[in-house]
> 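Here it is, the structure in full.
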Amino acid sequence: MSIPNSGLRVLVVDDSNTIRRSAEIFLKQGGHEVLLAEDGFDALSKVNDYEPDLIFCDILMPRLDGYQTCAIIKRNAKFSGVPIVMLSSKDGVFDKARGRMVGSQDYLTKPFTKDQLLQTVQELGSAKQGVV
């Protein structure tokens with residue numbers, strides 16, 4: 001299975017429409033296919049249906065938070081290798097450590113810039129493509 005223009009399928013999970021749309025614009029400008037989810041439950045169904053190459057997941061969401069969402073995805077052997085980047089407006093050591101404990105590969109503080117987002121995709125996406 002070849003990936004056109006070396007773009008990745010990226011899922012952005014955030015309850016903020018503004019963050020979802022900003023990430024979508026930045027990622028599409030970077031040549032990536034973008035999927036959007038409003039919360040953890042929405043994300044779980046989209047992960048199963050679309051099999052993203054990379055996931056950006058907000059921490060503070062209603063119903064199912066980012067830590068729970070990340071842990072559930074990582075427990076599924078089919079998706080355990082998919083890199084997950086936690087998104088948060090908090091930049092605390094505890095939040096980053098807790099993200100790592102549930103299986104996230106990186107942590108991005110909101111608001112993020114286009115360059116920060118695309119650099120993260122490039123770093124984690126190249127590692128993901130190297131595994132395939």
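Note that the coordinates shown come from a computational prediction; the quantities given were computed from them, not determined experimentally. Heads up: numbering here begins at 1 and tracks the sequence. FYI, side chains are in, hydrogens and waters are out, and symmetry mates aren't considered; it's all heavy atoms of this structure.
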> State, yes or no, whether a side-chain contact exists between H32 and D53 at a heavy-atom distance under 4.5 Å.
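A side-chain contact under 4.5 Å is absent here.
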> Taking only residues two or more places apart in sequence or in another chain, which ones pass side-chain hydrogen bond (donor to acceptor under 3.5 Å, both in side chains) with D106?
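Residues passing side-chain hydrogen bond (donor to acceptor under 3.5 Å, both in side chains) with D106: none at all.
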> Looking at CG of L35 and CD1 of I55, how far apart are the two atoms once the value is rounded to the nearest 0.5 Å?
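Result: 9.5 Å between the selected atoms.
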> For residues C70 and S104, report the shortest heavy-atom separation together with the two atoms involved.
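For C70 versus S104, the nearest heavy atoms are SG-N, 3.7 Å.
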> Supply the atom-to-atom distance L54 CG to L124 CG, rounded to the nearest 0.5 angstrom.
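Rounded to the nearest 0.5 Å, the CG-CG separation comes to 6.0 Å.
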> To the nearest 0.5 Å, tell me how far D58 CG sits from K110 NZ.
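Going from the CG atom of D58 to the NZ atom of K110 covers 3.5 Å.
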> Is it true that D15 and R20 make a salt bridge, defined as a side-chain N closer than 4.0 Å to a carboxylate O?
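Not counted as a salt bridge, because no side-chain N and carboxylate O are separated by less than 4.0 Å.
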> Which value, rounded to the nearest 0.5 Å, describes the distance between F26 atom CZ and D115 atom CG?
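Answer rounded to 0.5 Å: 9.0 Å.
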> Show your working on side chain to side chain contact (heavy atoms under 4.5 Å, CB included) between I73 and L44 and close with a plain yes or no.
CA-CA 7 Å; I73 292 168; L44 295 176; 3.7 Å; yes
> Can you tell if the side chain of V47 reaches within under 4.5 Å of the side chain of P52, non-hydrogen atoms only?
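Yes; the side chains approach each other to less than 4.5 Å.
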> Taking salt bridge (charged side-chain N to carboxylate O under 4.0 Å, His left out) as the cut-off, I'd like each qualifying pair that reaches into residues 27-45, sequence neighbours left out, listed once.
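Non-adjacent pairs meeting salt bridge (charged side-chain N to carboxylate O under 4.0 Å, His left out): R9-E33, E24-K28, D39-R63, D42-K46.
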> What's the shortest heavy-atom distance between L11 and A43, and which atoms?
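Heavy-atom minimum between the residues: CD2-O, 4.0 Å.
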> Would you say Q68's side chain and D65's backbone share a donor-acceptor pair under 3.5 angstrom?
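Indeed, once roles are kept as given, a pair shorter than 3.5 Å links the two residues.
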> Measure the spacing between OG of S16 and CZ of R21 and express it to the nearest 0.5 Å.
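Result: 10.5 Å between the selected atoms.
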> How close do G99 and Y67 get, heavy atom to heavy atom, and via which atoms?
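Minimum heavy-atom separation between G99 and Y67: N-CE2, 3.6 Å.
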> In the single-linkage hydrophobic clustering (I, L, V, M, F, W, Y; side-chain heavy atoms under 4.5 Å), do V85 and M101 co-cluster?
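Different clusters: V85 never reaches M101 through Ile, Leu, Val, Met, Phe, Trp or Tyr contacts under 4.5 Å.
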> Could you please spell out the steps behind the side chain to side chain contact (heavy atoms under 4.5 Å, CB included) verdict for Q29 and L118?
CA-CA 9 Å; Q29 287 173 348; L118 293 177; 5.6 Å; no
> For residues 75-83, please give each side-chain donor-acceptor pair under 3.5 Å, one per line with the distance, not counting sequence neighbours.
{"from": "N76", "atom 1": "OD1", "to": "K78", "atom 2": "N", "distance (Å)": "2.9"}
{"from": "K78", "atom 1": "NZ", "to": "E51", "atom 2": "OE2", "distance (Å)": "2.9"}
{"from": "S80", "atom 1": "OG", "to": "A77", "atom 2": "O", "distance (Å)": "3.2"}

> In sequence, state the C-alpha distance, the side-chain angles, and the governing distance for I59 and R98, and then conclude on side chain to side chain contact (heavy atoms under 4.5 Å, CB included).
CA-CA 10 Å; I59 291 174; R98 187 168 175 203; over 6 Å; no
> Can you find a heavy atom in the side chain of D14 that is under 4.5 Å from one in the side chain of F56?
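They are not in contact (no side-chain heavy atoms under 4.5 Å apart), so the answer is no.
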> Identify the two heavy atoms, one from L117 and one from L108, that lie closest to each other, and give their separation to 0.1 Å.
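Shortest heavy-atom contact: CD1-CD2, 3.9 Å.
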> Minimum heavy-atom separation for A23 to F112, with atom names?
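Scanning both residues completely, I find the closest heavy atoms to be CB-CZ, 4.0 Å.
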> Which heavy atom in Y107 sits nearest to a heavy atom in S88, and how many Å separate them?
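So the minimum-distance heavy-atom pair works out to OH-CB, 3.2 Å.
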